[in-house]
Amino acid sequence: MYFCIHISHITMRIGNRILKWLQANKKLLTILFAAFLIFTSEVWQYRIARRNTLNNVERSTMQQLNVVNQVIRDRLSVFEMAADGISWGIEDNTDIPDSIPRYLVQLMKSCSDITSCAVCFVPYFYPSRGKLYEPVALRDQSGIIRTTQIAGPEHDYTTMPFYKYALERDSDYWSEPYINGADQKLVVSYSLVLHDNHRNAFGVLTIDVSLDWLNDLANQAYPPPSSFVAILSHEGEVVTCPKDKREYLFKLFQAEDKLNSAELKQLAQKLSHKTKGVMTVAADNEEKSLLFFEKIESETNWIITVIGSEEEIFHSQYLSMRRRLLITFVTLTLLGFIIWYSNKLRIVNEEKSRIDSELRAAANIQQGMLPKKFPPFPERDDIDVYGVLHPAKEIGGDLYDFYIRDEKLFFCIGDVSGKGMPASLMMAVTRSMFRIVSAQENNPQHIIEQMNNLVNEMNELSLFVTLFVGVLDLPTGKLRYCNAGHDAPLIMTKEVNKLNVLANLPVGVMSGILYMGQEIELDSETILFLYTDGLVEAKNGKREMFRERRMIYIAKEFITTDQTQLKHLTDQMVTEVKKFTGNIPQFDDLTMLAVKYKRIVHKEILCCSLVLKNDIQQLPLLKTFTDDIIEKLKINRSLAMKLNLALEEAVVNIMEYAYMPKTEGEIEVSAHVDETQIKFIITDYGMAFDPTLKNEVDTTLTVEDRPIGGLGIHLVRQYMDSINYERADNKNILTLIKHI
């Protein structure tokens with residue numbers, strides 16, 4: 001009992017001393033507690049930021065791997081399709097053995113990456129030529145293609161894997177990479193079984209494909225110095241790896257200095273069980289590296305990997321590289337689709353020639369890419385558009401396109417030099433480039449500059465495109481445009497005149513050109529008439545041209561007769577051209593695009609404004625300003641909440657991005673109300689910042705999978721009927737409209 005009382009007294013004394021110490025050192029404890037909170041917060045924010053960065057890098061890298069994966073699969077498909085196309089001729093001409101080398105030469109000419117190709121016939125298929133017969137076509141160092149027969153006792157192809165495996169499976173077969181003995185190049189073989197009319201195999205068509213293109217792709221696929229791309233076969237052999245990174249790759253996996261090792265085989269087997277993913281690897285006493293991988297879904301079963309240090313992989317240039325790869329991926333995918341679709345039509349229509357099938361397929365694709373719905377915007381009364389394209393042949397090189405984004409009409413018209421399939425392919429690529437580039441850019445001058453650089457990267461046939469790109473701001477009528485060597489459009493008001501255009505070079509002539517843009521403000525009821533030279537250069541039997549004066553005369557007749565349907569204008573042009581040319585076949589594509597603008601002005605019933613500092617503490621003033629408008633208009637609670645939230649998100653976006661940190665600035669918010677709509681105009685003097693260029697947020701993704709940012713402008717888009725941005729007089733002008 002006494003012991004318990006003694007312990008109790010001791011505990012009380014200790015407690016009292018602690019309490020006195022705490023009372024005497026309140027400030028110190030407060031400082032320590034604040035320091036602890038700040039430190040904890042910094043650590044927490046750092047961990048979150050690092051995790052989010054890693055997630056973004058992983059997501060971005062996997063997207064890039066998917067792009068390279070698609071490029072490789074498309075390239076391999078080209079070789080497979082080339083072999084498949086030649087196999088038809090070989091199978092149909094087995095009774096003429098001397099014709100086989102001609103088909104092999106044709107196959108070699110179709111693709112410069114094919115180093116050799118051969119047909120290995122089953123034993124005694126041609127008794128007169130002995131047991132083994134293997135005609136082969138080779139490309140020597142000077143580029144000349146030669147044919148010979150190499151089968152014999154010293155070269156028994158029936159014992160080789162490319163022949164045995166293909167016949168055993170009765171299907172095509174990609175070999176493991178190996179070093180070609182002739183020129184010491186890394187190559188891979190593709191084998192295709194040949195069948196007679198009874199589906200009996202009589203031989204194997206094999207092609208040796210150089211992997212130099214794969215090396216170039218791997219060397220250019222990932223820009224940071226310490227990051228690189230390596231492609232492994234499912235057996236662990238190195239298909240391609242930058243020369244300056246091989247030593248690091250072997251060190252990373254404790255491998256010897258050779259193209260394959262037990263460690264790499266184990267890695268390939270481990271990765272082959274998954275479609276894609278990421279893992280962490282590290283050599284002895286080295287910093288950790290990230291290995292992103294994805295299996296190439298094809299007969300090769302290759303595995304493409306990106307390896308880079310955790311530090312270097314966060315380099316800011318990665319974002320720019322991903323954007324370029326995305327554009328390249330879209331362009332190559334489009335070209336691959338056209339080739340695939342043309343080949344599909346050839347198979348469906350076997351009775352017709354290969355060239356006719358490709359022309360018909362390209363014509364269908366070309367017409368399918370053009371807008372066909374007219375009127376295109378029936379819900380709007382401020383804009384009308386009508387376009388028509390009459391190709392001279394099955395396919396053409398003209399193009400036009402238009403669409404509305406953020407209260408701006410983006411439109412273009414163009415004419416590709418040359419004729420036939422090359423011109424149609426360039427037309428399809430140019431139209432797709434216009435959609436891709438203009439989705440992220442509002443300035444016609446910059447749109448054409450980016451398109452010109454992209455075209456020059458792939459323009460091996462030296463084609464060029466005359467192009468006119470316009471961006472019409474629908475609320476104001478301001479037209480910004482840039483002309484690249486195209487015919488000047490007509491501007492039709494009460495009179496008909498040619499639009500003043502600068503003489504810029506066509507797209508595709510030279511990369512790095514700086515184009516000059518122009519702008520003009522359109523009056524209400526103005527019509528822009530755009531056309532290609534197939535209209536004014538149409539010829540009759542006397543080889544006289546239709547010329548501009550006839551076109552302008554028809555346009556004047558149209559406006560003097562007070563016609564309103566744009567289709568009547570283009571129809572009249574086509575009718576007059578046919579009358580002029582008579583029975584003479586159409587020589588050039590005839591394309592026209594008419595745009596009619598009508599400025600809608602409603603009586604304003606309310607107008608007020610507010611000036612804020614770029615300080616988040618000023619947001620209550622914005623809410624009071626909006627609530628006052630809502631109360632005056634007697635707006636229901638649901639709509640009021642949306643207006644408040646959308647306006648607040650837009651202003652916060654400007655505070656965060658238009659002004660540098662710790663920089664003072666002003667934001668003016670004005671409201672204009674008429675009987676149809678509420679319009680908020682937000683003006684600031686900060687840096688040029690267009691929030692409408694942010695990509696749409698995929699709200700179906702989970703929080704972990706969704707990229708950071710974009711939710712604010714996403715809410716604005718959801719709650720407002722239109723959003724429009726303009727940069728004028730060193731000011732950012734953002735206009736939000738809600739119909740009431």
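Residue numbers count from 1 along this sequence. Side-chain atoms are counted along with the backbone in the values below, which use heavy atoms only and exclude waters and symmetry mates.
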Under 3.5 Å donor-acceptor, [X] side chain and [Y] backbone:
X	Y	value
Thr115	Val209	no
Asp401	Cys412	no
Asp172	Leu192	no

Holding to side chain to side chain donor-acceptor pair (under 3.5 Å), I want the full list of residues that pass it with [X], two or more places apart in sequence or in another chain.
X	result
Ser511	none
Asp113	Arg75
Thr94	none
Ser189	Tyr178, Asp208

Exercise. What pairs with Asp533 under salt bridge (Lys or Arg N to Asp or Glu O under 4.0 Å), at least two apart in sequence or on another chain?
Worked result: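 Partners of Asp533 under the salt bridge (Lys or Arg N to Asp or Glu O under 4.0 Å) test: none.
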
Got [X] and [Y] here, is their nearest side-chain heavy-atom distance under 4.5 Å?
X	Y	value
Val509	Pro506	yes
Trp174	Phe162	no
Asp415	Asp588	yes
Met427	Leu370	yes
Ile114	Leu107	yes
Leu194	Val119	yes
Glu91	Asp196	no

Partners meeting side-chain contact (heavy atoms from CB on, under 4.5 Å) with [X] (sequence neighbours left out):
X	result
Glu134	Ala118, Cys120, Gln149, Ile150, Ala151, His155, Tyr157
Thr158	Pro123, Leu132, Asp156, Tyr163
Asp140	Ser142, Ile144, Arg146

What distance do [X] atom [atom1] and [Y] atom [atom2] have between them, rounded to the nearest 0.5 Å?
X	Y	atom1	atom2	result
Thr591	Tyr400	OG1	OH	8.0 Å
Tyr190	Asp84	OH	CG	7.0 Å
Ser110	Met81	OG	CE	10.5 Å

So, using ring pair (Phe, Tyr, Trp, His ring centres under 6.0 Å) as the criterion, who are the partners of [X] when residues are at least two apart?
X	answer
Tyr403	Phe410
Tyr165	Tyr173
Phe434	none

Looking at [X], I'd like to know if its [atom1] atom is crowded, meaning that more than 12 non-hydrogen atoms belonging to other residues, nucleotides or ligands lie closer than 6.0 Å.
X	atom1	result
Tyr126	OH	yes
Asn200	CG	yes
Phe464	CZ	no

Problem set entry | His390 versus Asp398, side-chain donor and acceptor atoms under 3.5 Å |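 Their side chains do not contain a donor-acceptor pair, so the 3.5 Å distance test is not met.
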
Exercise. Angle class for the Phe121/Tyr133 ring planes (parallel below 30°, perpendicular above 60°, tilted otherwise)?
Worked result: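 Because their plane-to-plane angle is under 30°, the rings of Phe121 and Tyr133 count as parallel.
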
Can you list, pair by pair, the side-chain donor-acceptor contacts under 3.5 Å of residues 95-106, counting residues two or more places apart and other chains?
from	atom 1	to	atom 2	distance (Å)
Asp98	OD1	Arg129	NH2	2.7
Ser99	OG	Ile96	O	2.6
Tyr103	OH	Asn93	ND2	2.9

